[in-house]
Amino acid sequence: MYCPDFSRVEEAGQQRGSVCAIIVAGGTGSRFGNPGGKQLVEIAGRPMLSWTIEAFDRTHTIGHIVVVCPEERCAEYRARAVEPCGFETPITFADAGMTRQDSTHAGLVAAPEGCAYVAIHDGARPLIRPETIDAAVQALCADADLDGVVCGQPAIDTLKIADPMGLIDSTPDRSQFWCVQTPQVFRIDALRQAMDFAARTGFVGTDDASLVEEAGGLVRCIEAPRDNLKVTVPEDLPLVEAIMQMRRN
Ligand SMILES: Nc1ccn([C@@H]2O[C@H](COP(=O)(O)OP(=O)(O)OP(=O)(O)O)[C@@H](O)[C@H]2O)c(=O)n1
Ligand SMILES: C[C@](O)(CO)[C@H](O)COP(=O)(O)O
């Protein structure tokens with residue numbers, strides 16, 4: 001199993017100019033159940049999205065950040081999650097699409113000329129660390145055979161295949177599974193080709209790597225901290241809040 005050397009992220013600094021982060025924050029947060037969505041929900045005194053952006057702003061490798069948000073809320077997201085924070089990395093915006101995949105595509109279109117790599121990340125994963133982002137970029141840059149790298153962990157819970165009523169059909173070999181998160185980092189040409197392939201074939205994936213895989217690309221999972229949680233349902237918030245407060249203390 002490939003475990004990146006987090007201590008070597010300094011070497012990744014040379015990629016800064018050619019790596020664009022695409023932070024997808026354009027969803028409605030329906031499972032979270034808050035009328036105003038979840039991206040601006042307060043965590044440790046600040047909007048969730050501002051923590052996510054800060055992690056990318058503090059990396060050695062990210063040279064530009066595209067924030068994908070609902071068109072009608074772009075000014076609000078900028079005013080509440082970007083402008084008060086004094087980020088140094090150039091930040092631009094793109095309009096979200098109907099699906100996460102559409103939003104990733106919008107971010108890809110908005111990436112500056114000259115970017116060789118893109119790091120796609122959920123705005124709803126505010127606990128991501130700069131060193132994890134840098135390690136993922138470094139892992140991709142270090143292997144010319146790869147089209148992408150995704151962060152995650154080998155499954156430690158037993159998985160079941162069950163019918164819609166929950167009746168178990170089988171228990172697959174757990175050792176074959178990874179629970180993947182974001183960032184998911186790609187050679188920009190590989191993701192562009194995969195997006196085009198998905199548009200032609202109608203393929204829809206729940207993550208970005210699945211499009212690159214579907215198009216025949218080679219993607220590696222790399223082990224990353226388990227606390228890179230995604231705020232999806234209400235009970236996720238106190239957990240993320242507690243971890244964020246612990247880090248700040
Ligand atoms: N059309 C969409 C849908 C999702 N996302 C983003 O993709 C990330 C992961 O999606 P998820 O956690 O499912 O967010 P939502 O789609 O907002 O949540 P839900 O599915 O509960 O509505 C989130 O940061 C979300 O804002 C996006 O940019 N555009
Ligand atoms: C991309 C992702 O975060 C990887 O685990 C996940 O697939 C997003 O799923 P969602 O239902 O769009 O939140």
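Computed from heavy atoms alone, side chains included, the values below leave out hydrogens, waters and symmetry copies. As the structure lists them, so they are numbered: ligands from 1, and atoms in each ligand from 1. Everything quoted here is computed from the prediction, not taken from an experiment.
The closest protein non-hydrogen atom to atom 24 (O) of ligand 1 is Val24 O, 2.8 Å. Counting only heavy atoms of the protein, atom 9 (C) of ligand 1 lies nearest to Asp122 OD1, 3.6 Å. Ranking the protein heavy atoms by distance from atom 13 (O) of ligand 1 puts Arg31 NH2, 2.6 Å first. Among all non-hydrogen protein atoms, the one lying nearest atom 14 (O) of ligand 1 is Lys38 NZ, 3.3 Å. In this structure, the protein non-hydrogen atom closest to atom 16 (O) of ligand 1 is Gly27 CA, 4.0 Å. Of the protein's non-hydrogen atoms, Arg100 CD, 4.4 Å is the one closest to atom 10 (O) of ligand 1. Of the protein's non-hydrogen atoms, Gly26 N, 2.7 Å is the one closest to atom 28 (O) of ligand 1. Scanning all protein heavy atoms for the shortest distance to atom 17 (O) of ligand 1 gives Gly29 N, 2.7 Å.
Side-chain contact between Thr92 and His64 is present, with at least one heavy-atom pair separated by less than 4.5 Å. Counting only heavy atoms from C-beta outward, the side chains of Val204 and Thr99 never approach each other to under 4.5 Å. In this structure, Leu237 and Ile43 have side chains that are in contact, with non-hydrogen atoms separated by less than 4.5 Å. Within the 4.5 Å cutoff, the side chain of Val67 has heavy atoms near those of the Leu49 side chain. At least one side-chain heavy atom of Thr104 sits less than 4.5 Å from a side-chain heavy atom of Met195. Proximity of Leu127 to Met244: side-chain heavy atoms (C-beta onward) are separated by under 4.5 Å at one or more points.
Counting heavy atoms closer than 4.0 Å to ligand 1, residue Arg125 contributes nothing at all. Under 4.0 angstrom from ligand 1, there are no non-hydrogen atoms of Asp102. Counting heavy atoms closer than 4.0 Å to ligand 1, residue Ala25 contributes backbone atoms (N, CA, C, O) but none from C-beta onward.
Taking distance alone, with nitrogen or oxygen atoms compared against 3.5 Å, Ala124 approaches ligand 1 more closely than that limit. The shortest N or O to N or O distance between Gly123 and ligand 1 is below 3.5 Å. Between Gly97 and ligand 1, at least one N/O pair is under 3.5 Å apart.
Criterion: ILVMFWY side-chain heavy atoms under 4.5 Å apart, direct or through other members. Under it, Tyr117 and Ile222 are part of a common hydrophobic cluster.
Between atom CD1 of residue Ile128 and atom CD of residue Gln181 there is a gap of 7.0 Å, rounded to the nearest 0.5 Å. Between Asp122 atom CG and Gln184 atom CD the span is 8.0 Å, to the nearest 0.5 Å. Between Leu108 atom CG and Arg192 atom CZ the span is 5.5 Å, to the nearest 0.5 Å. Taking CD of Glu88 as the start and CG of Asp57 as the end, the distance is 6.0 Å to the nearest 0.5 Å. How far CD1 of Ile62 is from CD1 of Ile22: 10.0 Å, rounded to the nearest 0.5 Å.
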Between ligand 2 and the protein, tabulate every N or O atom pair separated by less than 3.5 Å, reporting distance only.
unit_1	atom_1	unit_2	atom_2	d
ligand 2	3 (O)	Asp122	OD2	2.6
ligand 2	3 (O)	Arg125	NH2	2.9
ligand 2	5 (O)	Arg125	NH2	3.3
ligand 2	5 (O)	Val180	O	2.7
ligand 2	7 (O)	Thr206	O	2.7
ligand 2	11 (O)	Arg31	NH2	2.9
ligand 2	13 (O)	Arg31	NH2	3.3
ligand 2	13 (O)	Lys230	NZ	2.5

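Of all the atoms in ligand 1, the ones that sit under 4.0 Å from a non-hydrogen atom of Thr99 are 1 (N), 2 (C), 29 (N).
Contact between Gln39 and ligand 1 is present, with at least one heavy atom of the residue lying under 4.0 Å from the ligand.
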